[in-house]
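These notes are about the structure you will find just below.
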Amino acid sequence: MPIKFPFKKDKKQPRTEPLGLEENHIPKHVAIIMDGNGRWAKNRGMPRIAGHKEGMGVVKRIVRYASDVGVKVLTLYAFSTENWKRPKNEVDFLMKLPVDFLSTYLPELIERNVQVRTIGDFDVLPAHTQKAVKEAMEKTKDNDGLILNFALNYGSRFEMVHAVKQIASRVQEGEVDISDIDESMFSQELYTSELIEPDLLIRTSGEQRLSNFLLWQLAYAEFWFTEVYWPDFDESHFEKALYDFQNRKRRFGGV
Ligand code: FPP
């Protein structure tokens, strides 16, 4: 049955008519590289952090939309292991975003039965970032609706090297035989061990690369790119991505 999604009425309401998504064919796990905040701000003569602030508002809308259409897991690339190279004021701002986001939005996440999780090297994040995110994870841990999974200080190569080290030490301890190492064991050592693999990857801003995001997990995902900068991304773009996904043929290596 096609879904006629009731778009929220606000100033950014999409102008297009709903495309009509098949409700039984919504991708279970959508991963998004939210790119273009800096360019969006620059085009308006604003500082880069203004783009990130606007981008945070888009996160709220997209979480609502994903939860309404029945996506099970939404993984958002909020900060990569490479993003520490940015100017200090920008890094500081990015580290405060989860605090701001959760201070205003956590009640709605709870009401919507959303479960907050993270992937990435969490323990080296600033204390205030950790505190806000931990509180959100604790308060939503029993929710069984949409999993909102923030990739924070995430890098896929770091994650995989860590997994290799874990398995190597188990071999060294004699717990695991080399011949037992397989894809499943490797997957179990990744941050995403409890999650299904992404079906759909979205990247905004016209860039078409993975930037060290979920390299292992995206092996069979469909990719969807748009020129739109993240702060301009809205429900109609997300709907188009889901619609295009529904019209792709996935063969997983078969015929
Ligand atoms: C990439 O754009 C974006 C980021 C590194 C940060 C993304 C963060 C958000 C959208 C807000 C996240 C919100 C929460 C709640 C954590 P860019 O800065 O690389 O843009 P550019 O390529 O145009 O410079």
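In each ligand, atom 1 is the first atom listed, and ligand 1 is the first ligand listed.
At the shortest separation from atom 14 (C) of ligand 1 among protein heavy atoms lies F150 CE2, 4.2 Å. Nearest protein heavy-atom neighbour of atom 4 (C) of ligand 1: H52 CE1, 4.0 Å. Nearest protein neighbour of atom 13 (C) of ligand 1, counting heavy atoms only, is V59 CG2, 3.9 Å. When only non-hydrogen protein atoms are considered, atom 3 (C) of ligand 1 lies nearest to M34 O, 3.1 Å.
R86 forms no cation-pi arrangement with W84, by the criterion of a distance under 6.0 Å to the ring centre and an angle within 45° of the ring axis.
Between L201 and L210, the closest heavy-atom pair is CD2-CD2, 3.5 Å. The minimum heavy-atom distance between P126 and M95, with the atom names listed, is CD-SD, 3.5 Å.
Side chains of W216 and S187: a donor-acceptor N/O pair is present below 3.5 angstrom, by distance only. Side chains of T226 and K240: no donor on one and acceptor on the other come within 3.5 Å. Neither side chain, Y220 nor E197, offers a donor N or O lying under 3.5 Å from an acceptor on the other. Donor-acceptor pairing under 3.5 Å is recorded for the side chains of S211 and R203. No side-chain N or O of Q166 forms a donor-acceptor pair with one of Q188 less than 3.5 Å apart. Remark: the W230 side chain and the D35 side chain contain no N/O donor-acceptor pair separated by less than 3.5 Å.
Considering backbone and side-chain N/O atoms, N37 comes within less than 3.5 Å of an N/O atom of ligand 1. Checked against a 3.5 angstrom limit, the closest N/O atoms of G38 and ligand 1 fall inside it. For ligand 1, the polar-atom distance check finds no N/O of W230 at less than 3.5 Å from any of the ligand's N/O atoms.
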- After noting the C-alpha distance and the side-chain angles of H29 and Q217, does the key distance pass the side-chain hydrogen bond (donor to acceptor under 3.5 Å, both in side chains) rule? CA-CA 11 Å; H29 185 168; Q217 297 88 338; over 6 Å; no

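The ligand atoms of ligand 1 that sit less than 4.0 angstrom from a heavy atom of F101 are 15 (C). For ligand 1, the atoms lying closer than 4.0 Å to a non-hydrogen atom of R48 are 17 (P), 18 (O), 24 (O). For ligand 1 and L94, the ligand atoms under 4.0 Å from any heavy atom of the residue are 6 (C). Shown in contact with R39 at under 4.0 Å from a heavy atom are these atoms of ligand 1, numbered in order with element: 21 (P), 22 (O), 23 (O). Less than 4.0 angstrom separates some heavy atom of L97 from each of these atoms of ligand 1: 11 (C). Close approach to R86 involves these atoms of ligand 1, each under 4.0 Å from a residue heavy atom: 5 (C), 17 (P), 18 (O), 19 (O). Every atom of ligand 1 with a heavy atom of A78 under 4.0 Å away is listed here by number and element: 6 (C), 7 (C), 8 (C), 16 (C).
At a heavy-atom distance under 4.0 Å, only side-chain atoms of N83, from C-beta outward, approach ligand 1.
At least one heavy atom of G36 lies less than 4.0 angstrom from ligand 1.
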